[in-house]
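Okay, so here's the structure we're looking at.
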Amino acid sequence: MKIVAVCGMGIGTSIILKMNTEKAAQRLGMDAEVEVADIGTAMGAAATADLVLTSAELAPELSGVSAPVVVVSNFTSIDEIAEKLSAHA
Amino acid sequence: MLHSDLDRVTKEQPVSGTGSLSRLLPATAIAVGVHATDWREAVRAAGDRLVAAGATRPGYTDAMIAVVEDLGPYIVVAPGFALAHARPSDDVLQTGLSLVTLAEPVAFGHASNDPVRLVVGLAARDHSAHSDALATVAAMASDAEVMGALATAASVDEVLNTIHQFEGINP
């Protein structure tokens, strides 16, 4: 499963989200490849993704993406991310 | 982390840190009990520490504020915790982080993670040099006890000792 973690710059919050998404996928025994994208390149990166993770503020910017866009409230909560991943597994 | 461990370490003399976060977060980049009346002042405090530590020029601080103005308070990635940052630019002199605790929690306008008590500033030269340090920040931010210890630390040494202790347990 290819997952794209999107934030504004692609250097800060999305890296935290990527790391914790990898931990959550590992916990679920899910085979996941997680990439980081900034809001400018997210549309391209998301075109081949199975799932897009981002914040509530940025989700509206990704409305044209065909993959499901899932909002994560707490980027440091592996519990929350795991729950949302398992819903889309 | 156990309370007893934390009590012990924070009462001891400063211990040196060798982890990836310690290397990018010098004592000059840390301020505790900062008074900020709004989110802009809170982000500016984190930016001022980056400037003081020689990581950035003041223009980067303005850029961090502009990110929130343009894209919203998404930098509040966890309850009470904001990761202030902007794009790599000429105003970034070297990759570094700063850490500011607020005397009074400040609202950023985030739907679920307000109010903010801890602001980490991030200045990156590229997209990868800081990722190990960010991994430590991410792990710390998911540990409520560590976040509480940082937010209520009475001194820069207490902040550093909490981080060093955490890095010792989670190398």
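Only a predicted model underlies this, so the values are computations on that prediction, with no experimental measurement involved. Proteins come first, then strands; the chains are lettered A, B, ... in the order of their sequence lines, and each starts at number 1. Just so it is clear, the values below take in all heavy atoms, side chains as well, and ignore hydrogens, waters and symmetry mates.
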Taking every non-hydrogen pair under 4.5 Å, which of B:Gly72, B:Ala138, B:Ser112 racks up the most with chain A?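 Among B:Gly72, B:Ala138, B:Ser112, the one with the most close pairs to chain A is B:Ala138.
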Tell me, out of B:Ala111, B:Ala124, B:Ser131, B:Pro73, who's got the most heavy-atom pairs with chain A below 4.5 Å.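 When all of B:Ala111, B:Ala124, B:Ser131, B:Pro73 are compared, B:Pro73 has the most.
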From [X] [atom1] over to [Y] [atom2], what is the distance, rounded to the nearest 0.5 angstrom?
{"X": "A:Ser77", "Y": "A:Glu83", "atom1": "OG", "atom2": "CD", "result": "8.5 Å"}
{"X": "B:Thr61", "Y": "B:Arg40", "atom1": "OG1", "atom2": "CZ", "result": "14.0 Å"}
{"X": "A:Asn20", "Y": "A:Gln26", "atom1": "CG", "atom2": "CD", "result": "11.5 Å"}

Measure A:Asp38 against the heavy atoms of chain B and call it side chain, backbone, both or neither at under 4.5 Å.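 Contact with chain B is through the side chain of A:Asp38 alone.
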Please look at A:Leu58 and chain B and tell me whether the side chain, the backbone, both or neither of the residue comes under 4.5 angstrom of a heavy atom of that chain.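 It is the side chain, since no backbone atom gets that close.
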Could you walk me through whether B:Arg44 and B:Asp38 pass the salt bridge (charged side-chain N to carboxylate O under 4.0 Å, His left out) check? CA-CA 10 Å; B:Arg44 189 163 295 286; B:Asp38 59 21; over 6 Å; no
Check whether B:Tyr74 reaches the backbone of A:Gly8 with its side chain - one donor and one acceptor, N or O, closer than 3.5 Å.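 Side chain of B:Tyr74 to backbone of A:Gly8, a donor-acceptor pair under 3.5 Å: yes, one is there.
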Which atoms of B:Ala84 come close to chain A, meaning under 4.5 Å heavy atom to heavy atom: side chain ones, backbone ones, both, or neither?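 Contact with chain A: none, neither part.
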Which bit of B:Leu71 is near chain A, if near means a heavy-atom gap under 4.5 Å: side chain, backbone, both or neither?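 Both backbone and side chain.
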Evaluate the salt bridge (charged side-chain N to carboxylate O under 4.0 Å, His left out) criterion for residues A:Lys18 and A:Glu35: first the C-alpha distance (whole Å), next the side-chain angles of each, then the deciding distance (0.1 Å), finally the verdict. CA-CA 7 Å; A:Lys18 170 186 154 72; A:Glu35 277 180 24; over 6 Å; no
Pairs of heavy atoms under 4.5 Å with chain B: top-ranked of A:Ile39, A:Thr76, A:Ile78: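 Top count of heavy-atom pairs under 4.5 Å with chain B: A:Thr76.
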Chain B contacts, top residue of A:Glu61, A:Lys23, A:Glu57, A:Glu80 (heavy-atom pairs, under 4.5 Å):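 That would be A:Glu57.
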